[in-house]
Every structure is written in structure tokens, then in C-alpha cells.
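Data block below; observations after.
In the text below, chain A, chain B and the rest are named by the order of the sequence lines, each starting its count at 1.
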Amino acid sequence: MSFLPNDTLDTSSGHDDPLLEGLNPQQLTAVQSRAQALLIVAGAGSGKTSVLTRRIARLIRDRELWPSQILAITFTNKAAGEMRERVEQLVGRDAAQGMWISTFHSACVRILRREAEQFGFTRGFTIYDSADSRALIKRLVKDMQADTLGFTVSAVAGKISKLKNELIDVEGYSRQINANDPTEVMFLELFRRYTAELHRANAFDFDDLIAQTVYLFRAFPQVAALYQRRFRHLLVDEYQDTNHAQYALIRELTRPVEPAHVPADTRIETDASGGIPAAALTVVGDSDQSIYAFRGADIRNIVEFERDFPGAEVILLEQNYRSTQTILDAANAVIANNFDRIAKNLFTAVGSGEKIVGFTGYSQHDEAQFVADEIGTLHEAGTPYNQIAVFYRTNAQTRALEEIFIRSAIPYRVLGGTKFYERAEIKDMMAYLIAVANPADGLAMRRILNTPKRGIGPATETALANHADELGGTMIDALRDAPALGLGPKVTAAIVDLAAILDAASESLDTGLVPDILVGILEKTKYLELLRGSRDPQDEARAENVEELVAVTREFQKNNPEGRLIDFLTEVALVAAADDLDDSSGTVSLMTLHTAKGLEYDAVFITGVEENLLPHQMSATEPGGPAEERRLFYVGITRARQRLHLSLAMTRTTFGDTQVAAPSRYLQEIPAELIDWRDAPGMGTRTTGGGQRALGGSGTPKFGYSTSLPPGKPKKEWANTVTAKVRDNGDLTLEVGDRIRHADFGDGSVTSVTQNGAKSIAEVQFEKAGRKRLLVKISPIEKL
DNA sequence: AGCATAAATTTTTTT
DNA sequence: AATTTATGCT
């Protein structure tokens with residue numbers, strides 16, 4: 001680093017520079033490196049975000065680059081926001097202006113909006129989320145009767161996505177198929193039509209955003225040169241989870257600019273031939289945390305980095321600043337079982353800390369009860385709820401947890417899963433907004449045609465679609481011209497009315513405020529009014545959701561005074577599960593192990609650590625599946641700072657039938673002395689199951705209870721089953737000292753009562769089951 | 001169009 | 001088991 005032009009103070013500068021303060025030698029090297037290509041192998045919790053932000057801050061502060069010459073790619077929008085904030089803290093808000101810090105998808109949208117006209121789209125294009133794609137594919141499969149050949153919507157969607165991630169387009173695919181295989185020919189036709197429909201709708205799906213940007217750069221070198229010149233330094237986080245298309249995008253952006261594409265008045269330094277040298281590249285990743293192979297992430301991108309970028313510098317960060325040594329020992333022991341990896345061992349100076357707590361419940365409800373009880377104890381001991389997280393492999397596992405959490409009055413929020421924007425009423429209103437912004441979007445138009453009900457049935461829809469084709473225009477043109485179709489007077493009036501609503505809204509497209517556009521549509525369609533007047537009790541909640549959407553647009557407009565409708569739609573399309581995480585919410589966070597990547601909590605619960613769940617059943621047949629599942633478990637473990645809890649159930653009910661579950665193979669990989677196995681309270685002695693004996697040891701008998709468990713049924717014989725029952729106790733009130741009987745926990749006495757009415761929470765000391773907090777109104781209890 | 005009933009589908013992970 | 005979707009009926 002001594003050849004730094006600005007580094008006149010040399011060695012002593014490291015101690016005075018606030019940007020270098022508190023870094024270990026490896027981190028210091030990573031922040032200061034001037035390598036053209038740099039790979040930072042950052043183990044979990046090794047302070048990589050700190051390194052990345054300081055690296056960026058230093059480039060800006062030392063005037064090596066303008067902020068606008070930096071492109072930093074993160075995995076989620078939330079991570080992007082945090083990184084921007086931290087850089088701003090280091091160099092000041094104004095000095096950081098103009099940086100691009102965003103996800104691959106957001107960056108590509110930004111590029112595509114500018115350049116869409118170059119290749120047959122408009123800047124108002126819409127983004128199809130997975131549900132939109134599936135709806136379109138569903139229609140195509142039906143139209144072509146592809147289901148008779150065994151095609152399912154999800155199989156087609158998966159394969160198309162995979163091809164796009166590999167940068168294989170329709171033409172490329174047609175060259176590699178066997179024309180005699182009717183299945184392949186059919187798929188090709190589906191792929192072709194899907195692509196054509198998207199183009200006709202002026203829309204991109206998620207995978208297109210990346211792939212089309214790459215195609216754009218390859219087809220128009222002068223456009224590519226624009227961005228190659230602009231971005232002089234690329235930084236990519238979570239590099240282990242990039243797929244081929246993203247890799248190709250990085251390669252395009254880090255190509256040197258040929259003299260032909262260098263403007264005469266460039267202020268960027270040119271090389272001997274008059275061209276501009278390639279931009280610098282910094283990537284950060286950890287192959288042990290690669291968990292997205294299923295959606296095309298290619299671990300070779302990181303493994304072969306040094307070959308891809310000759311002369312690359314590689315720096316290893318192994319010191320962990322997050323977790324206790326106990327947690328790291330467990331993580332190291334687990335990941336060591338993946339053989340084809342570069343050896344890496346996390347260590348910390350923090351000390352060993354608490355033991356890992358293990359628990360085996362009888363059912364998923366029993367397991368959930370354990371989690372709830374432990375959270376109660378932790379909270380009483382001073383851990384705030386928002387420093388506690390519960391992880392699981394599949395979204396379906398939230399149900400049992402939620403049931404028990406509600407009963408135990410634990411405040412929680414579920415990240416991901418069924419999202420706000422997936423609700424029908426929200427999709428309806430979003431469809432209106434999309435139809436206004438992009439009249440070519442047939443999917444959105446179809447959705448709103450008869451929503452709310454205005455007597456436009458399938459026959460009328462087809463007539464309108466055909467008329468649009470005749471006119472050579474879009475659906476909105478056909479709507480305006482409805483009188484020419486000679487339909488009934490009532491239907492015609494309804495159609496013209498709808499056209500007027502859309503036309504009125506699109507007038508304020510480039511100037512109007514987003515909430516105004518939405519409210520205007522709501523008033524003219526009477527959508528909210530109809531929900532309000534409905535007899536269906538659920539419609540009240542739907543009306544509230546619609547109002548929530550209005551509030552969301554207001555919030556958006558507040559944060560983006562210049563934001564237009566299209567910007568709002570983009571933001572909504574690209575929000576991820578982890579993005580709407582509000583750290584100040586004061587609630588326990590529930591999420592999948594995938595969503596947990598990049599986050600950290602004082603106390604972590606990993607639930608459902610069972611065979612067929614973690615590793616998941618579906619991964620068994622995938623090559624490399626079990627190894628990826630192990631990395632997933634590793635990611636989960638390394639999220640914990642202080643305390644880690646691993647739990648499982650002996651039986652699990654899925655699809656309505658109950659099956660015996662065996663402990664995950666990964667549990668055996670953790671040294672037995674790190675785990676403190678707990679028994680269910682009120683159980684007395686248990687000879688089999690969940691104990692250290694059953695899991696530790698050296699012999700072959702792997703799992704004590706898997707053989708002794710009566711196959712199939714008698715749940716009732718177990719002393720401490722927790723049922724999913726919910727009861728309405730009306731306005732039952734309890735006082736301290738009252739004796740009660742609980743359906744699962746037996747008899748106990750009330751030790752305290754907090755809050756009144758429906759939110760009344762009683763703390764009860766049970767004779768056998770210990771102390772529990774209960775939401776009085778819905779707990780299965782009776783007063784004695 | 002609206003309603004009741006039957007059938008199918010859900011659960012791997014996500015930008 | 002629960003929820004969404006298809007079908008048939010008035």
C-alpha cells in the first residue's frame with residue numbers, strides 16, 4: 001500500500017485514521033488493498049460489512065473516486081439501505097451522494113428504465129413477480145393443453161427461470177433440443193409464447209431483469225460503454241450466491257472500454273491505446289454460506305474467482321466478533337462435514353458463554369410451547385423481544401408457533417410468508433395502478449376488467465382482447481372503442497366507464513402524487529365503498545388492508561417527494577421478506593433459515609431440526625442437496641450472539657397426517673458436551689428420547705426412541721401434549737390466587753394478572769408443567 | 001350471477 | 001387440516 005499516491009504519512013497513518021481504527025490485520029489489509037480484483041473470504045460474523053463500508057468510505061474520502069463511480073451490490077434492499085447509512089456516517093451525507101448501492105435487481109431496473117426504448121420496451125415496463133409469471137404460464141399451459149404431456153405450472157416456471165439464469169434464450173434453447181421429443185418441443189413452444197407475452201405486455205420477470213441487461217450490454221456496446229466508463233469500482237456482497245447471469249453482468253461491467261467508445265472530453269485516465277482500463281472489482285463471500293443453488297447460484301463463481309480474474313488478491317477473515325466460542329465450535333463442527341471446502345475455522349475472543357440448549361418435544365405444538373416458555377424466561381431476564389429470533393426450514397412451520405405464541409401472549413412478527421401484497425384486494429388495487437402505468441399489461445387489465453363486478457364476463461373479455469388485436473393497440477384502446485363492438489348497452493356503458501377511470505388516472509401519471517392516483521381510483525370504482533357495505537365479515541379486514549395500502553403510498557411519497565407511480569410500483573415489486581423488518585418493533589422475529597442470512601440476534605431458536613425437514617426431504621435427491629442443507633443449518637447457528645436453542649419434535653403433522661420424525665443427522669455432528677438437553681417440564685423420568693444418551697455416545701443405536709415410539713397414534717398417553725385447541729372464554733376474568741385447570745398443563749394457581757379485557761394475561765404456576773403465561777381469553781382453561 | 005357442494009391442493013428455500 | 005378452486009345448480 002505504500003505506492004498509494006495519497007498515503008504520504010505511510011505507516012503511522014494507520015493509527016490516526018478513524019477509518020482504520022479497531023481493525024484486525026486482515027481487515028486492515030482488506031480495507032486498504034488496491035488490487036484490481038479482490039476476493040474477501042469473510043466467515044460468518046467476521047465484520048465484513050464494516051470492512052466494505054470503510055473501503056468505500058476511504059475511496060471517497062481520499063478522492064480516489066467520485067461517489068457516482070461506485071456501484072455496490074447487496075443481497076437485499078435492507079442491506080443496501082444499511083450500507084448507505086453506514087457510509088454516510090463515515091464520510092457525511094453529502095459526500096456520499098450519487099453512489100449506487102442496491103440489489104442486482106434494483107440496479108438492473110434502473111439501467112433498463114433508461115435504456116428500454118433501445119430494444120422494444122418502454123420505460124413504463126412492469127415487473128412480473130413469481131405469482132404473475134405463474135398466472136401467465138398457467139394460462140399458456142391450459143391454452144396448449146400441455147398438461148396432457150405432464151407439464152405443471154411450477155415445473156414450467158422453474159425450468160424457464162433456470163434457463164434465464166443460465167442466459168439461454170428461446171433461440172438458444174431451440175438449438176439444443178431434440179426435435180423428435182414432443183415434450184421438449186412443447187416446452188420450447190411454452191417458453192416462446194411466454195417470452196412473447198411478456199414482451200407484448202411490456203413486462204419483465206425477475207430473471208429477465210438481470211438477463212435482459214446482459215443482452216442489452218452485449219447487443220449495444222456503446223450502451224455498455226456508458227456504464228463501464230461510469231462505474232470505476234464494483235463491490236459485490238454475498239458473492240457465493242450469485243448465479244451465472246449475475247456473474248455475466250459483473251463481467252460485462254468490468255470490461256475495459258475500447259478507444260472507440262471513449263469520448264474525447266473524458267476526465268477518466270486512459271491507457272496507452274486511448275481506451276479506459278477495466279473497473280476494479282471487490283467481492284465478498286463465504287462458500288460455507290451458499291444456500292441458493294436451487295435458484296441457480298453457482299458456487300464456482302467464488303471458487304474460481306482467482307482463475308476468472310488473474311492477479312486477484314485473496315484475503316481471509318476468520319475472526320468472529322459475533323458469537324460465543326460454544327456457538328462457533330458447534331458451527332465449525334457441523335460445517336467440517338462438508339468435505340469439498342476450503343478449511344476455515346472461526347474463532348472469537350469473547351469466551352465460551354452459555355451451553356446450547358436442546359429440546360425434544362412430543363409434537364410440533366409441544367416444541368412450540370418450549371420455544372414460548374424459553375422466550376418468556378429470556379425476556380424476564382432482560383433480553384428484549386427484538387433480540388430474539390425463531391428460525392425454521394419451511395414457512396408451513398409457522399402455524400404451530402403462532403398458535404402457541406398467541407396463547408402465551410408473546411409479541412411476534414413473521415417475516416416473509418404470505419405477504420401483504422399477495423392479498424387479493426391489494427393485488428386488485430395494484431393491478432389498477434399497473435394498468436395505468438403500463439396499458440400494455442394484459443394480465444393487470446384482465447384482473448381489473450370485472451373488479452369490482454361490473455358485468456364484464458369471459459365472453460366480453462375475449463371480444464375486447466380480439467378487438468384490441470384488430471386495432472393493433474392495447475386493451476385500453478379496445479375499451480374506449482367498446483361502442484363499436486355492438487354489445488349490450490349496460491356492458492358497453494360499464495366498459496366506457498372503466499376506460500374513463502383509467503384515462504383520468506393516467507393524466508397525472510408523470511406529475512401526480514401516488515396516493516392521489518390511488519384514492520382517485522378507489523373513489524371512482526367505489527371499491528372501498530363496496531367492501532364497507534358488504535355483509536361478508538372478512539370484507540371489513542379487506543377494507544382495512546386497502547386503507548393500509550393508501551398509507552403505504554403516503555409513506556412512499558413522503559420518503560420520495562419526486563417519486564412517480566412507476567417508482568412506487570418498482571419498489572413494491574422488489575421488496576424482499578427481510579426488507580420490511582423493523583428493528584424497533586419490539587417483537588420476536590419468525591423467519592425461514594434462508595431469510596435469516598445476514599441477520600444476527602442475541603438469542604436464536606432453530607426449530608424442526610429433524611430428518612426430512614432439515615435436511616429437507618426434497619433435497620435428498622438433488623445432487624449436493626444435503627451439503628447445501630448443512631450450510632443452511634450452519635447459517636442458522638452462526639446468527640446467534642449469546643444463546644442458541646435447537647429443538648425438534650418426535651411427531652410432526654403435515655397434510656393432515658401425523659408422522660414419526662427422527663432427529664436430524666446434523667445434531668450428531670455437534671459435540672455432545674456443547675448441548676444441554678432439557679426434558680419437557682412435568683414429565684418426570686423419561687427413559688428414551690431427546691436425551692444426551694440418545695444422541696451422543698459412540699455406538700450404532702442412533703436414536704433411542706425412534707424404535708420405541710408406538711407407531712401412528714396414542715397422543716393422549718403422553719403426559720404433556722400441547723394441543724392446538726383455541727377456546728373462546730368470553731369475558732372470563734381471573735384474579736391472583738384463583739385455581740384453574742388447563743387442558744394441557746393440568747391444575748395450577750394464578751400468580752399474577754396483567755392488562756384487562758381481551759388482552760388480559762395471567763401468569764400461572766402449574767403443579768406439574770411449571771410456570772406459564774397465558775392469554776386468558778383464548779387459552780383452554782377453566783376456573784375451579 | 002350467486003350460492004352450495006365437491007375436489008384439489010398445499011410445503012423447500014426467494015430476488 | 002385447512003384453504004383455495006372447480007363444478008353444478010337455481
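A 6.0 Å sphere centred on NZ of A:Lys427 holds more than 12 heavy atoms belonging to other residues, nucleotides or ligands.
In this structure, A:Phe391 places its CZ atom 14 Å from C1' of B:dT13, rounding to the nearest Å. Note: CG (A:Asp129) to P (B:dT14) measures 14 Å, nearest angstrom. Rounded to whole angstrom, the span from the CG atom of A:Asp241 across to the C1' atom of B:dT14 amounts to 11 Å. Following rounding to the nearest Å, A:Glu571 (CD) and B:dT15 (P) show an atom-to-atom distance of 15 Å. Residue A:Arg652 contributes atom CZ, which lies 16 Å from atom P of B:dT11 at whole-angstrom precision. Atom OH in A:Tyr392 sits roughly 10 Å away from atom P in B:dT13 (whole-Å rounding). Between the P atom of B:dT12 and the CD1 atom of A:Ile606 lies a distance of 20 Å, rounded to the nearest Å. Distance CG (A:Leu613) to P (B:dT12): 11 Å, rounded to an integer number of Å.
Closest to the A:Thr394 side chain, of the nucleotides B:dT14, B:dT15, B:dT12, is B:dT12. Across B:dT13, B:dT15, B:dT11, the shortest atom-to-atom separation from the side chain of A:His594 is found for B:dT13. Closest to the A:Thr103 side chain, of the nucleotides B:dT15, B:dT12, B:dT14, is B:dT15. The listed nucleotides are B:dT13, B:dT11, B:dT15; the one nearest the side chain of A:Arg393 is B:dT13.
For the pair A:Lys164 and A:Asp205, the salt-bridge criterion is met [side-chain N within less than 4.0 Å of a carboxylate O]. Look at A:Arg123 and A:Glu115 and you find no salt bridge, because none of the NZ, NE, NH1 or NH2 atoms lies under 4.0 Å from a carboxylate O. Under 4.0 Å is where a charged nitrogen must lie from a carboxylate oxygen, and between A:Glu403 and A:Arg407 no such pair does. A salt bridge links A:Asp237 with A:Lys48: at least one charged nitrogen is closer than 4.0 Å to a carboxylate oxygen.
Legend: residues meeting ring-ring contact (aromatic ring centres under 6.0 Å, His included) with A:Phe556, ordered by chain and number and at least two apart, are A:Phe568.
Along DNA chain B, the nucleotide closest to A:Asn450 and the one closest to A:Glu628 are compared, and the more 5′ of them pairs with A:Asn450. The residue among A:Phe655 and A:Phe104 whose nearest nucleotide of DNA chain B lies closer to the 5′ end is A:Phe655.
Between A:Asp298 and A:Asn243, the side chains place no donor N or O within less than 3.5 Å of an acceptor N or O (distance only, hydrogens not considered).
Distances shown here put every side-chain N or O of A:Ser130 at or beyond 4.0 Å from the OP1 or OP2 atom of B:dT15. In terms of phosphate contacts, A:Thr595 brings no side-chain nitrogen or oxygen within less than 4.0 Å of OP1 or OP2 of B:dT13. The side chain of A:Asn395 contributes an N or O atom lying less than 4.0 Å from OP1 or OP2 of B:dT14.
Taking the six-membered ring where tryptophan is involved, the planes of A:Phe633 and A:Tyr666 are essentially parallel, since the angle between them stays under 30° and well short of 60°.
B:dT11 sits 12 Å from C:dT5 when the P atoms are compared, rounded to a whole Å.
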Atom pairs under 3.5 Å: protein N/O with N/O of nucleotides 2-10 of chain C:
none

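Between the side chain of A:His616 and the base of B:dT12 there is no donor-acceptor pair of N/O atoms closer than 3.5 Å.
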